[in-house]
Protein chains: 2
Amino acid sequence: MVAMDGATAREQALDAAEMLFYGRGVQSVGMDEVRAASGVSLKRLYQLFPAKELLVDAYLERRDLRWRGRLAEFVARREEPRERILAVFDWLAQWFAEPDFRGCAWVNAYGELGATSERVAERVRAHKRAFREYLGALVADAGLPGALTGPLFLLAEGAMVTAGIDGAAAPAAEAREAARLLLG
Amino acid sequence: MVAMDGATAREQALDAAEMLFYGRGVQSVGMDEVRAASGVSLKRLYQLFPAKELLVDAYLERRDLRWRGRLAEFVARREEPRERILAVFDWLAQWFAEPDFRGCAWVNAYGELGATSERVAERVRAHKRAFREYLGALVADAGLPGALTGPLFLLAEGAMVTAGIDGAAAPAAEAREAARLLLG
DNA sequence: CAACGTAGAGAACGGGCGTTCTCCCCGTCA
DNA sequence: TGACGGGGAGAACGCCCGTTCTCTACGTTG
């Protein structure tokens, strides 16, 4: 294995961890498998992430930044404030249709580890809080009542969890249509 | 330990499994802990459920019957068809407020085992399918368009997952209000 | 009373996995 | 050139856990 600086090793470790953890669940993937998939030795892995829990935490954190970044980028392409809200559901539809879509990474992680890892539980809550706040900002920008944020958030959450379980993209369209009705 | 007939042992095993699996997650509870909490010996446990996966499956199946039974019983107390639909969200609010509420057992189980156990994944899908069909029947009885079923289902799912993660009952009220608006 | 079978308690087995340790290679610098 | 230090490969260590096995006690039946 060629030399690799710390930042590169960290990214490769997180790339492998994300693919494996998201695809098969955290508990069914061992650290040795992360090593094999990333090319980062166990020694280095443990220097970068002193325990598996911290690798999981870092995976969720990096994915959160990317997930919200992509969503915001997609939404920002629309001009009209109401269209922006609906664009959230268009983006979900696109995400659900990706071949390796397996539901919401944070909901899955919460189901697996929420009861045993306070660190992971808090990371999940922070992600959901940030997503809700983002929706709230879109609602405010459209001059709509703040009370709409909750329902829109619940529709999006329901769509994510349902799409994840059924492996279908249809819930995004259902949620979008319901959102359109709620926007009046 | 006094003698115990098969049916009783089965119920006690499932009682213990349900409390432990739902409260702490399936993977963090060992079979020996189920034995200790139920008073059913390991030998008997494995006669009744030849593998842990089958115990998990039976736990989800029994809980599904009870969960839907209680919901239907609560809803049936209302006369007016539209009120019945809203009663679903009242029932959720009540459920969320229970002290040991920890989110949707099926969503949690799917997050933990959906990727590794096809049996559990299918059990979860069956439960969600049954819940959606139940909502569909309520919508039909109210003479409302079937297209409302999806959004109502997504609101309920979103409320369950959000209440589970945040440990708050508020999502039920938000979902109820959104449902009221959708019913027109 | 004696032989038998069932069931419980808990040890044992096998495998997996998080984490650490050992050993060796190789690049660096005096 | 030779000592040194960081890093990789992978063995080793402990522990946990699903599953099976052994041993013992006791109730039943002839």
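Here is the naming used below: chain letters follow the sequence lines, and residue numbers restart at 1 for every chain.
Considering only side-chain N and O atoms, B/Lys52 lies under 4.0 angstrom from the phosphate OP1 or OP2 of D/dG18.
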ask   = Should A/Asp166 and B/Arg129 be marked as a side chain to side chain contact (heavy atoms under 4.5 Å, CB included) after you check the CA-CA gap, both sets of side-chain angles, and the distance that decides it?
value = CA-CA 9 Å; A/Asp166 290 345; B/Arg129 223 180 293 131; over 6 Å; no

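Using a 3.5 Å distance cut-off with no hydrogens or angles, the side chains of B/Thr162 and A/Glu157 do not pair a donor with an acceptor.
Across C/dT22, C/dG8, D/dG18, the shortest atom-to-atom separation from the side chain of B/Lys43 is found for C/dG8. In this structure, the nucleotide among D/dA11, C/dG8, D/dG18 sitting nearest to the side chain of B/Tyr46 is D/dG18. Distance from the side chain of A/Gln47 is smallest to D/dG7 among C/dT19, C/dG8, D/dG7. Of the listed nucleotides (C/dA7, D/dT20, C/dT20), D/dT20 has the atom at the smallest distance from the side chain of B/Leu42.
Atom CZ of A/Arg35 and atom P of D/dA9 are 7 Å apart (whole Å). Atom CG of B/Leu45 is separated from atom P of D/dT20 by 13 Å (rounded to the nearest Å). Rounded to a whole Å, the CZ atom of B/Phe49 is 16 Å from the C1' atom of D/dT19. Rounded to a whole Å, the CG atom of A/Asp32 is 17 Å from the P atom of D/dC13. Put simply, CE on B/Met31 is 20 Å from P on C/dG15, counting in whole angstrom units. Rounded to a whole Å, the CD atom of A/Glu33 is 17 Å from the C1' atom of C/dT19. Rounded to an integer number of Å, the gap from CG of A/Leu54 to C1' of C/dG18 is 13 Å. As rounded to whole Å, 18 Å separates atom C1' of C/dT20 from atom CZ of A/Arg44.
Side-chain contact check for B/Trp106 versus B/Arg125: every heavy-atom pair is 4.5 Å or farther apart. Between B/Asp64 and B/Leu60 the shortest side-chain heavy-atom distance does not fall below 4.5 Å.
The distance from the CG atom of A/Leu148 to the CD atom of B/Glu177 is 10.0 Å, given to the nearest 0.5 Å.
Among the atoms of the strands shown, none is found under 4.0 Å from any heavy atom of A/Val34.
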